[in-house]
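What follows is a single structure, written as structure tokens, with notes after it.
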Amino acid sequence: MTSLVYIYAVLPRPIATEIRGINAQPVRWVVNDGLAAAVSDVPAEDFDEVPLNEKVRDMSWLGPRAVAHQDVNARLHEQGEAIVPLAFGTVFRDDERVKHLLHEQRPALVERLEAVRDRAEWVVSLHLLHEPDAESVATASPALQALRKEIAISTPGRAHLLQRRLADLERDERRRLQAEVGEQVVARLREIASDVYLEPLPSDTVERPLVRASLLVARADEARFIEEVERLQADWPEPVYRLRLSGPWPPYRFGGLKADHA
Amino acid sequence: MPERFVSLSAPTTDELSLLELADRLLNRGVVLTGEATISVAGVDLIYLGLNVVLTAVENLRGTREPAPARDHPS
């Protein structure tokens with residue numbers, strides 16, 4: 001059976017550790033040019049390009065392999081001072097080609113390793129669980145308050161017309177205030193994070209978050225970061241809002257390289 | 001209280017963590033949905049061989065359009 005070389009991450013140097021990766025194969029090191037790639041052997045029948053792109057759609061196939069990928073990178077991340085974790089499914093024909101990658105991409109890899117050194121990645125999303133009631137929207141909106149006052153002192157005919165405007169304004173103000181909450185959450189976390197990436201929001205989901213961000217945070221700042229997330233949840237409490245936090249992740253979003261291929 | 005992601009156990013026991021994991025590992029190939037189903041889009045982002053695409057914010061920042069979600073499993 002032909003095997004291919006699956007690469008999990010690039011580090012400045014090998015770490016002496018016994019880890020098993022996908023299909024419980026031992027993780028070994030390919031070293032070149034002062035960089036080390038953590039790899040293991042995988043069967044070509046699953047990981048060659050065509051079968052891989054088929055199988056990756058099947059969560060029952062992907063699940064255990066994705067967990068193995070993450071487990072390897074989590075171990076390396078905890079033990080190594082800098083790690084560039086690669087996306088699932090980065091596969092080479094043989095060790096020589098991995099060495100070639102380390103050589104070819106060395107400047108970019110070294111730069112990335114420095115950028116993520118002693119840092120981890122976190123994902124924060126803000127969800128709107130329930131629309132806030134009309135009174136709390138009005139409290140936060142001077143424009144709504146002004147229109148309500150105007151209605152109160154208007155003739156019945158004019159008040160009727162203004163009522164319709166009020167409904168439109170309230171809807172617009174809800175959207176505006178929601179966007180503001182998302183911006184404020186990100187702005188406060190940005191003060192602690194070394195880098196922030198706003199994730200594109202899926203358009204067709206049932207529970208679309210107001211905002212979802214990946215954040216690169218120094219390990220030394222983690223306690224402060226988590227405290228700030230808790231403060232944010234306290235400032236925008238349930239049952240209206242919910243903040244979800246996940247991490248610490250190896251820096252998957254922030255650790256990669258520019259795509260330089262054709 | 002926010003949920004803190006601590007460790008991954010068996011994928012079937014924690015589907016949301018698995019989705020989140022796939023979201024990290026497959027990058028923009030995966031989106032999370034409220035139904036806890038998965039959408040794999042742009043799986044051609046997974047390459048083989050030397051033309052490797054390494055997950056990177058820079059790549060994403062260069063991409064204006066979020067990947068469209070498709071292939072909802074029924």
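Values below: every heavy atom of this structure, side chains too, minus hydrogens, waters and symmetry copies. In this text, all values refer to a predicted model and were calculated from it rather than measured experimentally. Chain naming here is simple, since letters A, B, ... match the order of the sequence lines and numbering starts at 1 in each.
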Which region of V124(A), side chain (C-beta onward) or backbone (N, CA, C, O), has a non-hydrogen atom less than 4.5 Å from a non-hydrogen atom of chain B, or is it both or neither?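 Neither; nothing under 4.5 Å.
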
Nearest atoms (heavy-atom pairs only) where L25(B) meets A66(A):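 Smallest interatomic distance, heavy atoms only, reads CD1-O, 3.4 Å.
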
Pairs where residues 122-131 of chain A contributes a residue and the test salt bridge (Lys or Arg N to Asp or Glu O under 4.0 Å) is met, not counting sequence neighbours: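 For residues 122-131 of chain A, and leaving out neighbouring residues, the salt bridge (Lys or Arg N to Asp or Glu O under 4.0 Å) pairs sorted by first residue read E131(A)-R174(A), E131(A)-R175(A).
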
Do the non-hydrogen side-chain atoms of P85(A) and R24(B) ever get within less than 4.5 Å of each other?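 A side-chain contact is absent here, since even the closest heavy-atom pair is not under 4.5 Å.
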
Heavy atoms of other groups near K55(A) NZ, more than 12 under 6.0 Å: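 Enclosed: over 12 neighbouring heavy atoms sit under 6.0 Å from NZ of K55(A).
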
Residues in side-chain hydrogen bond (donor to acceptor under 3.5 Å, both in side chains) contact with D235(A), at least two apart in sequence or another chain: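 side-chain hydrogen bond (donor to acceptor under 3.5 Å, both in side chains) check on D235(A) returns R188(A).
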
